[in-house]
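Reviewing the structure listed below.
The sequence lines fix the lettering, A, B, ..., with proteins before strands; numbering per chain opens at 1. Computed over heavy atoms, backbone and side chain alike; hydrogens, waters and symmetry mates excluded.
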Amino acid sequence: MTTINREVTPQGDLPENPKRLHYDLHEIWGNPRGLKALTIVNHSTLGLRFMVTGMAFFLIGGLLAMLVRTQLAFPDQDFMSPDIYNQVTTMHGTVMMFLFAIPMLEGLAIYMIPKMIGARDLVCPRLTSLGYWCYLFGGIILSFSLVLEMAPNSGWFMYTPLSSSEYSPGLGSDFWLLGITFVEISALSAGVELVVSILRTRTQGMALHKMPLFAWYILAMALMIVVGFPPLILGSILLELERAVGMPFFEVAGGGDPILWQHLFWLFGHPEVYIIFLPAAGIVSTLIPVFAGRPIVGYGWVVFAIAVTGFISFGLWVHHMFTVGIPQLAQAFFSAASMLVAVPTAIQVFVWLATLWLGKPKMKLPMLWIMGFLIIFVCGGLTGVMLALVPFNWQVHDTHFVVAHMHYVLVGGMFFPLIAGLYYWLPLFSGRMPSETLGKWGFWLTFLGFNGTFLIMHWTGLLGMPRRVYSYETGMGWDIFNLLSSMSGFVMSAGIAMVLLDFTLHFRFGKPAKHNPWNADTLEWANNMPPSAYNFVSLPSVETRHPLWDNPDLPRTMAEGQHSLAVATHGRREMWGSDPITGKVREIIHLPGNSWWPLFAAMALAVVCISLLTRLYPLAGIAVVIAGLFLLRWSWENGAHPKAAPDAEVAPGDPPLHSRTMDGPGLWAMSITLLANGSFFLSYLFGWFYLWTVSPEWQLPESSPLSLLGLILAGAVLTAGTGIFEKLVRGLRQGKDTGLAVDMYCISALGFVQVAITLWVLLSANLAVTETSHDAVIMVGLAYALLHGGLGAVLTLLQGLRVGYGYVGAHAPFEPAVVAQWWRYNLVTFWILVGALAVLPRIIGS
Amino acid sequence: MMVKKYTSIVDIDSDCVFIDQLSTQQSCHSDQDCSQQRYRQSPGKNCTGVVKAQQPIQRGQREHDHRDDGVAPAGNQTANTGHGYQIYNACRTSNPSTKSAYTGQPQTGAHPKRVAAQQETDIACDQRHQRGDREVDHHGMQRMAGYSRAANNRSLSSFFHGHFLWAEKVVQEMRLCIQRLTPQWVKSLSTPLALLASLLLAGCAGDKSILDPAGQAARDVVMIWWVMLGFGTVVLVLVTAFWLYTFKHKEVARTPAEERKIARRWIIGGGIVLPVASITALLAFGVPTGQRLLALPLGEPPEVIEVIGHQWWWEVRYPGAEGGEVVTSNQLIMPAGEPVDFHVSGADVIHAFWVPRLGGKIDMIPGRVNKIRLEADEPAVFGAQCAEFCGAQHAQMQLYVEAVARDEYEAWLADRQTNELSALAENDQQHEPAREAFMTHCASCHRVAGLSSGGEGPDLSDLGSRTSLGAGIMAMEEGAVTRWLQHHQDLKPGNKMPPHDDIETATLESLGAWLETLTP
């Protein structure tokens, strides 16, 4: 089911010319078959692959959950040994969070977003493909640990020291740290391109305030991924370094602190909850107006609520750590902030309610699931507010009450809307309708089974049953409740099985759906069902939030090619690049076609991951270089490259190609990537200052081991390089490119000089990285600077070469503007590093 | 009666809950009798001791018993009552053969029967009944332990049940709503819903139950919980009801201006006013409660007890004991009726210290000392368990906590002064070989005052006086130590003590016999 047959379905009533157009567009955009299907970069195909893979991991996670419930059904069971049980619970959480919830929702967003905003694909199609392969390979590596009975067993949040090499000597924690980091590449790449696509590729006239609400939700989710995931990536890298090399970041004796891991984990972990919830709420906000038959009330309120949720969610992480012994004032702050997040959530709930109140709602199958969502999620939200109250939290923290709360929020807040959304969009995926009967059975079994399992579990927690116990003794009053939870758990799985059966069967046996079966208002329903690879023959101009309600004829006129960009003769994959706010068209974005490079790069990264796991470090080094070469090779096929857009001709009246301007979406992609990078860097600084001020055994050496002179020299070289680069870009903006190649080579040389000096500083510092966390943290900081300096130098060198090939120059000035951002970022972070690592200790330490 | 078999107290209590719930309205008298009789009986010390000791070995059998009860819930009333009597007899005669009846926890069978047999209208009546039972129950339990419970506790318990009554109504309302909307077959599920609601009404007791507080801090939290539950239920029901109503209500023609007005009312009223008001109330109510658990300075400095978590046992130290620090393991004796500061830490990984009936938990983190202040109203025994996941045997890291009167507490400490314990360890010549074996095999990891100072494993100086072995894995009784020494890796797989396959059984037996004599 991963690839759907995307043959063009010529529509009988179309005149000859539009039919031709379909064939021509299909020629350019259509998916190859056979082995070449691995090269596909199309967002519809990859979105479906994400979702199907996500469902497969969901089944694995669900199976693990059933094992847990079997073990806990009766007291003193030894169905699983303690170690296996701990592996199973750890992997249940990990698989559900990292391999199901996030990729599933990303898949849905990847599939839907371009269709909803009137684009033909995401803005970095090859990145979609890389993301998918990283997800698939990482997921397989991680799940394989279960088969080897070596799965991580320290809980899905991997608290150290339990997850350290001393207390978890096997490979389990390594599987987790490396596998999850690998999978996160996929989350980040999807995050970056969803942000850029939503901001820069909306169809003509779709101003921000006319965007479907779903796009707002996904925009917030993607930004939160970009900012929220890097702390965990940093934490995972540090913990893996501690495990593999012995750098004591989290070890008290070496000056580290295990609580730092908790901060880094929850800095990611709490936004993560909203990363999962927001897209699901986006589904709710999409479905409710459709089934209420009226526009949503309070569009502005919803956008406000989304933004506020996004911001507040980064200020809540400590509420997972109330029992750690955080200062009282901090607890009060985080307690209040945690409760405040109820406000934007309540706003959304009442917007939905008011929309239904003022409309004429119909209880169709997707609405049934929305109904289930409402009850369960409100319930989970209420227990969430309770948990934010510190004294109550101290009692129920780490009991089954929290397990119940968390499942109410995640299953209620993510799974129910997801199924609602899938039922809603199934006709679009397949052109067929699902079965009402199976669907209703599925819903009621799931709903009742879910509440049977988890409502009772609140009570078990209040009776004092802690989380993550592999067994319990009789006589605590827990037995009957556990048995009921287990039985209901199996009822729930029966319900879910029925839903999945319905999904599967409908592809073959479902009744053919009529066009736009729910009478929806958004552009995705202007597609063919199932959609063509290029989505739309022509891209419409959008005036309101409800294009299909305002003009029900729009799908037909779009398919007939009566709107923009209905040209295929140039052989390029094209769509609009528009203004991020007003949606006015600024340029034509040309997209790369199918490519092997993402797959190859992901395979090389998988080799890196596996060789780090098996401690074959030389192999890992080689694989890193190979992965880098693949990625650079991929970046070579851009701009004026023969495989991209060697010919810059456009139809009369159309704007220029993006690679011929200084304004392409790549600028945005680089900015958003640097935003993620900046979040990583800030997390690093947080770690440095945290250890410095809080860690119990931290020691600042008498004098800083770093040569300040050397660092200042390196910084001066870097500043010079960046300055020259800025001048070059200004020149290009004015159409001047004389001596461009030579200048690029010079700047690149300056970059290498800076790297060499920094390396000398590092080597001459004689850091005892396995003995003190102070030295270990410095090591990581300088490695960061080296990596960024080196990469900047290499990219600039390649720019010089590209000038020579004629791919870059005054006629195609775009790429240097992108690379210049990297230099700017590197400059800022380098000086901050010098200040934090070398200057500040000299001032304060003495 | 210094160290009571806390398990027996609680077990009998839960059994009696079961008997009470079985009784129909007519049999009130017999309930009363039951508890009276119970009261007359002294808690069968041996009875549960034996049961506990056999637990790990007879695992398979116990599971089997449970399944019987679970799978055939209809287990008719007479049969179950029979069970009840058996239990009762078991306690009286200390007959180990009735163990299966005891562990069976016939509640499983009893509840469905009761609900299925009654009409909905009877539920309220039955609850009143239950409440009465419960109070009797508390009495029984407390008197058995030799103490009576404060009066305010009883009124609190009736307060909870008042809420239950109300919660039950809410469940019925919800059921009606759902019934209106759903096809016929779904309605047949309403009985299980009623069943579920009444199950929630089943006992809140259990020696780890948050809902059965034994100290002011825990009591405050429970109070907050019931209020939050009540309020939360109202919000949930109202939102759901409005939501469902929108599918039924008649369409009204409105102008866009009217629509905007209505929408704004909903959004501002429900989306802003409601949560902000609730949060303010909650914080005003909740923040002062939290203060109680903080180790703020007091006029008279409170007793300090240090608790250190190890994989997977507890080290307990009394730095303030008169005559010098007292150290013990896997048991925590504290003075009742006064605040006690616990200074907690972790020796290896992160653990968490939690005595649910006394108040909130606090993490035990390597390299840090966290403080929490708890107070037990009265002398009693409490269950405690590590609450932060700490590895393979996290589930089997139990702590026996007992609050005793001040003078008993001091006597207990005095008995454990190093010189007292050393004398204990060195007396009786017949144990000389055991002492030698101890010095060879155990001394590097275990401390026995006067003989060794190992700190890797639990301190064994007063082992014989403890209620259980292996941090709660088995009850202490004759021969238990030997069995533990022989089978500890089966009883608690993965624990850090190496297997003793290389040591002769006779040596282990002599070691066990000697260690059991270490009873101050």
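- Chain B forms more heavy-atom pairs under 4.5 Å with one residue of A/Val349, A/Asp83, A/Val396 than with any other, namely A/Val396.
- No side-chain heavy atom of A/Trp357 sits less than 4.5 Å from a side-chain heavy atom of B/Trp243.
- When atom types are taken as modelled, the side chain of A/Asn153 and the backbone of B/Ala392 share no donor-acceptor pair closer than 3.5 angstrom.
- Taking SG of B/Cys390 as the start and CZ of A/Arg468 as the end, the distance is 11.0 Å to the nearest 0.5 Å.
- Comparing A/Val324, A/Thr383, A/Val390 by heavy-atom pairs within less than 4.5 Å of chain B, the highest count is held by A/Val324.
- Proximity to chain B (any heavy atom under 4.5 Å) is shown, for A/Phe392, by both the backbone and the side chain.
- Residue contact with chain B, scored on non-hydrogen atoms closer than 4.5 Å, involves the side chain of A/Ile259 exclusively.
- Between the side chain of A/Gln395 and the backbone N or O of B/Pro356, at least one donor-acceptor pair lies under 3.5 Å.
- B/Gln393 and A/Tyr470 share a side-chain donor-acceptor pair at under 3.5 Å.
- Taking 4.5 Å as the limit, some side-chain heavy atom of A/Pro161 sits within range of a side-chain heavy atom of B/Pro366.
- No side-chain heavy atom of B/Ile210 sits under 4.5 Å from any side-chain heavy atom of A/Leu463.
- The minimum heavy-atom distance linking A/Ser471 with B/Ala395 is given by the pair O-CB, 3.8 Å.
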Checklist entry - Going through the distances and angles, do A/Trp301 and B/Ile268 end up as a side chain to side chain contact (heavy atoms under 4.5 Å, CB included)? => result CA-CA 10 Å; A/Trp301 282 101; B/Ile268 294 177; 4.0 Å; yes
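- At least one donor-acceptor pair closer than 3.5 Å links the side chain of B/Lys361 to the backbone N or O of A/His397.
- Both the backbone and the side chain of B/Ile267 come within contact range of chain A, each with at least one heavy atom under 4.5 Å from a heavy atom of that chain.
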Item to check | Evaluation steps, side chain to side chain contact (heavy atoms under 4.5 Å, CB included), between B/Leu211 and A/Leu462 | outcome: CA-CA 6 Å; B/Leu211 302 176; A/Leu462 288 169; 3.9 Å; yes
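- Between atom CE of residue B/Met364 and atom OG1 of residue A/Thr323 there is a gap of 12.0 Å, rounded to the nearest 0.5 Å.
- Across every non-hydrogen atom of B/Leu282 and A/Leu389, the tightest pair is O-CD1, 3.7 Å.
- In terms of heavy-atom proximity, A/Met367 sits nearest to B/Phe247 at CE-CZ, 3.7 Å.
- Top candidate by heavy-atom pairs under 4.5 Å with chain B, chosen from A/Val378, A/Val343, A/Val252, is A/Val343.
- Residues A/Phe350 and B/Leu274 are in side-chain contact: their nearest non-hydrogen atoms beyond the backbone lie under 4.5 Å apart.
- For A/His458, the ring-ring contact (aromatic ring centres under 6.0 Å, His included) partners are A/Phe401, A/Tyr408, not counting sequence neighbours.
- A 4.5 Å side-chain heavy-atom check between B/Phe389 and A/Tyr159 finds every atom pair outside the cut-off.
- Scanning both residues, A/Asn86 and B/Gly391, for their nearest heavy atoms gives ND2-O, 3.6 Å.
- No side-chain heavy atom of A/Pro391 sits less than 4.5 Å from a side-chain heavy atom of B/Asp220.
- Interface remark: B/Ile365 contributes side-chain atoms only to the contact with chain A (heavy atom separation under 4.5 Å).
- Closest heavy-atom contact between A/Asp398 and B/Ala387: CB-O, 3.0 Å.
- Contacts of B/Glu258 with chain A are absent, with no heavy-atom separation under 4.5 Å from either backbone or side chain.
- The side-chain heavy atoms of B/Met228 and A/Leu382, taken from C-beta on, include no pair separated by under 4.5 Å.
- Between A/Met363 atom CE and B/Lys248 atom NZ the span is 8.5 Å, to the nearest 0.5 Å.
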Checklist entry - Checking side chain to side chain contact (heavy atoms under 4.5 Å, CB included) for the pair A/Val469/B/Gln385: CA distance, chi angles, key distance, verdict? => result CA-CA 10 Å; A/Val469 288; B/Gln385 181 165 358; 3.5 Å; yes
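- If you measure heavy-atom distances from A/Gln262 to chain B, the contacts under 4.5 Å come from the side chain alone.
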Next on the checklist: Applying side chain to side chain contact (heavy atoms under 4.5 Å, CB included) to B/Ile224 and A/Met386, what does each step give before you reach the verdict?
Outcome noted: CA-CA 9 Å; B/Ile224 293 176; A/Met386 296 176 189; over 6 Å; no
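- Residue contact with chain A, scored on non-hydrogen atoms closer than 4.5 Å, involves the side chain of B/Ile262 exclusively.
- Contact tally against chain B (heavy-atom pairs below 4.5 Å) for A/Val385, A/Leu374, A/Leu340: the top residue is A/Leu374.
- Heavy-atom distances place no part of A/Thr345 under 4.5 Å from chain B, backbone and side chain included.
- Of all heavy-atom pairs spanning A/Ala354 and B/Ala263, the tightest one is CB-CA, 4.2 Å.
- Using non-hydrogen atoms only and a strict 4.5 Å limit, the part of residues 291-300 of chain A facing chain B consists of A/Arg294, A/Val297, A/Gly298.
- Rounded to the nearest 0.5 angstrom, B/Lys208 NZ and A/Tyr472 OH are separated by 12.5 Å.
- For the salt bridge (charged side-chain N to carboxylate O under 4.0 Å, His left out) test, no residue two or more places apart in sequence or in another chain qualifies with B/Asp363.
- With a 4.5 Å cut-off on non-hydrogen atoms, A/Pro258 touches chain B through its side chain but not through its backbone.
- Contact of the A/Leu358 side chain with the B/Arg260 side chain is not registered, since no non-hydrogen atoms from C-beta on lie closer than 4.5 Å.
- Contact count versus chain A (heavy atoms, under 4.5 Å) is highest, among B/Ile362, B/Val349, B/Asn370, B/Val252, for B/Val349.
- Residues passing the side chain to side chain donor-acceptor pair (under 3.5 Å) test with B/Asn495 are B/His488, sequence neighbours excluded.
- For B/Glu388, the parts lying under 4.5 angstrom from a heavy atom of chain A are both the backbone and the side chain.
- Both the backbone and the side chain of A/Val694 come within contact range of chain B, each with at least one heavy atom under 4.5 Å from a heavy atom of that chain.
- For A/Gln328, the part lying under 4.5 angstrom from a heavy atom of chain B is the side chain only.
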